[in-house]
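The structure appears below as structure tokens.
Values in this document were obtained by computation on a predicted structure and should not be read as measured data.
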Amino acid sequence: LDRFRAMYCGLCHTLSRRYGQAARFILNYDFTYLAILLSDGTAGAQGAGRCYTSPIKKRPFLEPTAAMELAADESVILAYWQLRDGVADHGFWGGLKYRIASVLLRPAYRKARERRPRFDAGTQAHLADLAALADAFAKLLALAAEEVSDPVRRRVTAQLLYHLGRWVYLVDAADDLRADIKSGGYNPLALRFTPKDGALAPADSEALALTLDGSVRAMAAALGWPMVEWRAMS
């Protein structure tokens, strides 16, 4: 937990150094996990400092590494396009907060796009496919591994991220199924199965559970790779 917190604070510092104070507000646990996953098994040196969330007491943080900079760049790109997707999905008034946030993040996004043009292009392409392809989010998440230098670790990391994205997408769809059917919104499970009264039939639920278990097993196999034995350097 202490190592994770140090990475969380380190990624926050990395975002601030590369993109300014406003970029810190996109930080979340998912992006911290991405920074750990993209690291080469160890983290950078540990420092301590104050920030706007802890102005009195110093908190330990990890110094920026290439993996943290990559995670910061990809985090900005993903956050920006998530905001733009919110603008498209919520109409004028409902999308106003997304529009304002995306405008504030745009300068940082432009810098990140220049640094990671392939990731930005891939993100846009897969987001465009989301309305039709249930595994588009999984492919999008797998893109985060593209710049891992070692080819074997890159392939294993991409596979782990793909199945993680697939699992999250399908579970989210299951959670939203009743509301999406009621509102007429897109839901891949409603297209794949024939839900009744907002719920899947027992046989359909079993089929969904089996495919989710398949992704969990694929993630478990990838997690057996030595790259995830991550630790902070003393």
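- Judged by the 6.0 Å distance and 45° axis criteria, Arg116 is not positioned over the aromatic ring of Tyr80.
- Expressed to the nearest 0.5 Å, how far CG of Leu37 lies from OG1 of Thr32 amounts to 12.5 Å.
- Considering SG of Cys12 and CG of Leu62, their distance stands at 12.5 Å, rounded to 0.5 Å.
- The salt bridge (Lys or Arg N to Asp or Glu O under 4.0 Å) analysis of residues 181-196, with sequence neighbours excluded, yields no pairs.
- Met7 places none of its side-chain heavy atoms less than 4.5 Å from the side chain of Arg3.
- Here the closest non-hydrogen pair linking Ser75 and Ala71 is OG-O, 2.5 Å.
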Check: residues 213-224 side-chain donor-acceptor pairs under 3.5 Å, at least two apart:
residue: Ser215; atom: OG; partner: His163; partner atom: ND1; Å: 3.0
residue: Ser215; atom: OG; partner: Arg166; partner atom: NH1; Å: 2.9

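- Screening residues 9-19 for salt bridge (Lys or Arg N to Asp or Glu O under 4.0 Å) gives Arg17-Glu63, Arg18-Glu69, Arg18-Asp73 as the qualifying pairs, with residues at least two apart or on separate chains.
- Grouping the Ile, Leu, Val, Met, Phe, Trp and Tyr side chains by contacts below 4.5 angstrom, directly or via other members, places Leu83 with Val76.
- Among Leu27, Asn28, Leu34, the single residue meeting the side chain to side chain contact (heavy atoms under 4.5 Å, CB included) criterion with Asp30 is Asn28.
- Ring geometry, Tyr109 versus Trp81: the interplanar angle exceeds 60°, so the pair is classed perpendicular (tilted spans 30 to 60°).
- Taking CD1 from Ile77 and CD from Gln82, the interatomic distance works out to 14.0 Å, rounded to the nearest 0.5 Å.
- Sorted by first and then second residue, the side chain to side chain donor-acceptor pair (under 3.5 Å) pairs with a member in residues 172-181 read Asp180-Asn187; sequence neighbours excluded.
- The aromatic rings of Phe61 and His13 lie parallel to each other, with less than 30° between the two planes, well short of the 60° mark.
- For Phe31, there are no ring-ring contact (aromatic ring centres under 6.0 Å, His included) partners, not counting sequence neighbours.
- To the nearest 0.5 Å, the span separating CZ on Arg155 from OG1 on Thr157 amounts to 10.5 Å.
- With values rounded to the nearest 0.5 angstrom, Leu70 atom CG is found 12.0 Å from Arg115 atom CZ.
- Remark: Phe193 engages no residue in a ring-ring contact (aromatic ring centres under 6.0 Å, His included) (not counting sequence neighbours).
- Atom OG1 of Thr211 is separated from atom CD of Glu206 by 12.5 Å, given to the nearest 0.5 angstrom.
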